[in-house]
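The structure appears below as structure tokens.
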Protein chains: 2
Amino acid sequence: MTRKNNSPAPFLLKTYDLLEESGDDGQIRIVSWNIEGNGFVVWDPAEFSELMLPNYFKHNNFSSFIRQLNTYGFKKTSSKRWEFQHEKFRRGCRQLLVGISRKKCEPSVFPSFLKASSPNHRRAQQNINGSSNNNNNNNLTLLMDENNKLRREKMELEMEIAHFKTLEMRLLECLSHYKTNH
Amino acid sequence: MTRKNNSPAPFLLKTYDLLEESGDDGQIRIVSWNIEGNGFVVWDPAEFSELMLPNYFKHNNFSSFIRQLNTYGFKKTSSKRWEFQHEKFRRGCRQLLVGISRKKCEPSVFPSFLKASSPNHRRAQQNINGSSNNNNNNNLTLLMDENNKLRREKMELEMEIAHFKTLEMRLLECLSHYKTNH
DNA sequence: GGGAATATTCCC
DNA sequence: GGGAATATTCCC
């Protein structure tokens, strides 16, 4: 899923730019795109952390950098060196970055007037207001059941979305295939 | 509520230490404890942000500092100057800081859709089992909050799915266009 | 690797 | 001021 504001996450832009920079001067020995251009390699983590990270981020910790890579779904693709890949992180394709999102994308602003209220919910609210303690355990049970149901429904929706993402990717591949072949 | 690990939040320690430092050298003109010792005043926000903040934090933005103060429940106590107070933030009482906690201590959410049960959920369940009625109203509130959040998240997911459906349709149209024209 | 707490930023 | 997204840290 693409970001709302159509601009990639700062972390992705910085990491991409950092790799462009590494090509410019002699820092290619520290970090560089891999041969295929579909990932990158940190050749010298110590130098990388000390010299390059602080120019782009508010820290010089390699592990924090790795944590961010994981957050955005990058995979470590070699056990022998610090190589990372993400299908939408490719040399020369800066605009592809907009398609990369954080794994855990908690919701944001939502019109409050859309806030729904269920029967269980309203009942519990009334009982809180009326200090009617008798039914509280019952309310708790109802609410927890509803809670479980919501969680299940969310999970189903998320699976549906995952399906759509795969589908979208295939369609895009398909389209690009047509474009190049005709 | 005190923190779990018995040590104050880093932000509080740094802010406290910063005020101690300000007494040592000539920086008392920039920031200092107030007369009563139950709060502090930033006399010169520009100098404060430029010279002192970076020594303690990863930024030099006054507004970020303010945001943290608000998060920890400090109040601005004067309209004429940048004075802030918190009942447990007092000169000479560094150990009082442990009693200050972030406002929004809502336990984190269940983003991973593999997780069956949230902290609120478990807490409520435990209290039901133990017949501890004292916390039932609190549980109800927590559960209802969680409920609202789940509902909001569901709605967002549904909107995302709607978006995908539109996208899919367009892509398919696009594809059929290619097919017929070539 | 990733969950979760805390920090920083962005925006209303 | 504060909600929420993103970044950084801490810890398993």
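Computed from a predicted model, the values in this text were never measured in an experiment. Reckoned from all heavy atoms, side chains included, excluding hydrogens, waters and symmetry mates.
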Starting from [atom2] on [N], measure out to [atom1] on [X] and report it in whole angstrom.
X        : N     : atom1 : atom2 : answer
B:Lys103 : D:dG1 : NZ    : P     : 9 Å
B:Leu69  : C:dT8 : CG    : P     : 12 Å
B:Lys14  : C:dA7 : NZ    : P     : 7 Å
B:Ile100 : C:dT6 : CD1   : C1'   : 15 Å
A:Phe11  : D:dT6 : CZ    : C1'   : 11 Å
B:Arg102 : D:dA4 : CZ    : C1'   : 13 Å
B:Ile66  : C:dA7 : CD1   : C1'   : 15 Å
A:Trp82  : C:dG1 : CH2   : C1'   : 12 Å

Aromatic ring proximity, centroids under 6.0 angstrom, B:Phe11 and B:Tyr56: no
Exercise: do A:Ser63 and A:Arg67 side chains pair donor with acceptor under 3.5 Å: no
Ring geometry between B:Phe74 and B:Phe40 (parallel below 30°, tilted from 30 to 60°, perpendicular above 60°): perpendicular
Parallel, tilted or perpendicular, as decided by the 30° and 60° cut-offs, for the rings of B:Phe62 and B:Phe48: perpendicular
Nucleotide of D:dG2, D:dA7, C:dG2 approaching A:Pro10 most closely (side-chain heavy atoms): D:dA7
Under 4.0 angstrom between A:Tyr72 side-chain N/O and D:dA7 OP1 or OP2: yes
Table of protein N/O atoms under 3.5 Å from nucleotides 9-12 of chain D N/O atoms:
residue, atom, partner, partner atom, Å
D:dT9, OP1, A:Asn61, ND2, 3.1
D:dT9, OP1, B:Lys58, NZ, 2.9
D:dT9, OP2, A:Asn61, ND2, 2.5
D:dT9, OP2, A:Ser64, OG, 2.7

Steps toward side-chain contact (heavy atoms from CB on, under 4.5 Å) verdict (A:Tyr16, A:Leu12): CA-CA 6 Å; A:Tyr16 187 92; A:Leu12 300 168; over 6 Å; no
Least distance between heavy atoms, A:Leu19 atom then A:Ser32 atom: CD2-C, 3.6 Å
